[in-house]
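Fair warning: this is a prediction, and the values are worked out from it, not measured in the lab. Atom set for the values below is all heavy atoms of this structure, side chains included, hydrogens, waters and symmetry mates excluded. Positions are given from 1, in the same order as the sequence printed here.
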Amino acid sequence: MSLYQHARDGNAERLRDALGSDSAAVRRRAAEFLGEVGEEGDQPTIDGLLRAATTDDDPEVRGAAVDALDEIGEAALEQLLEELTGGGGDSEAEWVTARKFARALEADRPELRMAAANALGRLDDASGLQPLVGALDDEDPRVRLRAAQACGTYADARAVPGLRERLDDEEPRVRRAAANALGTIGTDEALSPLLELLDDGDESIRRIAAGALGKASTPEPVEPLARALGDESAVVRNAAVYSVIELLSNVPTQQSHAVRDQVVSELKAADDATVVEPLVEILTDGQQSRQRRNAAWILGRVADPDAATAVEALADALADDDPQTAQFAATSLKSLGGPVVEDRLLDKLGPEHPEDARAKAVFVLGQIGGQETLNRLEEYADDDSQAVRKRVFSAVSKLRAGGP
């Protein structure tokens, strides 16, 4: 049975046995899984990880064991710190301070420095930040990695200079952790160096950069993110579209119009499928109203009128709980027009659909419809809904007169 299956079954005993494997890769994976299934008070698992963290001859296994103990909980991490320092008795209480953890960042054993960085990342103590920033220059990449990750948990702008330097780290995992931390901090100063990472050779770094740049408060990332829409990686392209939508929500009001124009221009120049698919996903599954509004608005300007998925999403959005999203969807459907839009909106006229959505569908049909639409609308002249009847009367009048 595989380690993954043991982890799924919560079989910590089998995973502990795997810590004695002749394969370092197996021992490392077992340690990682034990961090997921282990619990505070599970002393056999903690003891097994303590042995791995302090005696295994492979540095990656020791590192995985340190992280697993951190995942299990603060008490397990404190036991590791005691083990590594030879402490005991009353010394446990001393470790529960940022000052003691900071001192451990200067210890000779890298595993102790790793554990201390993890521990400082857990603490809500501002005094722990500067020691972590100093640890970003540690000679051991495993320590630099954990220091960068811990800096991200603080999300403090004072870590930006040190994290920026780590973007050139020779260890890819450190670079990714630094980029993630800068994205978490999210100030314009922190995000600025991520612009250059959109061309990085590492796909995961490009994805991190593309996903974080939506937090910017200036339109500067729009053009670089638009270029990222042509990235060979689908996950990078999707992240770029999400960030473009987020930028529209974040930029100051006085810049909003210019940014919208630039966004539409850049998105229209990109491959249609690259843009439309994530926009549809934002509109249908997004949790924030302002993002759904922007997705609905942009779809009407960049989607092909025959793009069934875009039209379907916009038509469904006529019933959105957010009135502005529903209105933007109606406006976009009017902009798109065409047979696909007509057919989909005609399907929305039945009484099984919400009244407001039906009324909006009738309004749009009155703007774009032809003879078939006119014939269908006349069937709803005696609809039970007064709002729908009023819309039908107006739409029919316009269509009979030859358009609005």
Lys/Arg-Asp/Glu bridge criterion (N-O < 4.0 Å) met for [X], [Y]:
X    : Y    : answer
D320 : K360 : no
R166 : D137 : yes
D9   : R14  : no
E246 : K215 : no
R62  : E111 : yes
R207 : E203 : no
D47  : R16  : no
R144 : D169 : yes
E355 : R391 : no

Going by side chain to side chain donor-acceptor pair (under 3.5 Å), R27 matches just one of D57, D22, D58. Which one?
D57

Only one of R206, R176, R175 forms a side chain to side chain donor-acceptor pair (under 3.5 Å) with D200, so which one is it?
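It is R175; the other options fail the test.
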
Beyond-backbone contact of [X] with [Y], side-chain heavy atoms, under 4.5 angstrom:
X    : Y    : result
P305 : V340 : no
V244 : V275 : no
P224 : L213 : no

Of the options D56, V26, V66, which is the one that meets V61 in a side chain to side chain contact (heavy atoms under 4.5 Å, CB included)?
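Only one option passes, and that is D56.
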
Using only atom types and a distance under 3.5 Å, with no angle test, would you say the side chain of Y242 pairs donor to acceptor with the backbone of G214?
no

Output yes when a side-chain donor or acceptor of S192 lies under 3.5 Å from a complementary backbone atom of D188, and no otherwise.
no

State, to 0.1 Å, how close L191 and A212 come at their nearest heavy-atom pair, and which atoms those are.
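Taking every non-hydrogen atom into account, CD2-O, 3.6 Å.
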
Would you say the side-chain atoms of R301 and S335 include a donor-acceptor pair closer than 3.5 Å?
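Distance-only check fails for R301 and S335.
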
Check whether the side chains of D316 and T284 place a donor and an acceptor atom closer than 3.5 Å, and report yes or no.
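No - no donor-acceptor pair under 3.5 Å links their side chains.
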
CD (E139) with more than 12 external heavy atoms under 6.0 Å:
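No - once you tally the heavy atoms of other residues, nucleotides and ligands closer than 6.0 Å, there are 12 at most.
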
Can you tell me which residue among K390, R389, R358 is in a salt bridge (Lys or Arg N to Asp or Glu O under 4.0 Å) with D383?
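One option only clears the test, and that one is R358.
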
Can R376 be said to sit on top of Y380's aromatic six-ring, NZ or CZ under 6.0 Å from centre and within 45° of the ring axis?
no

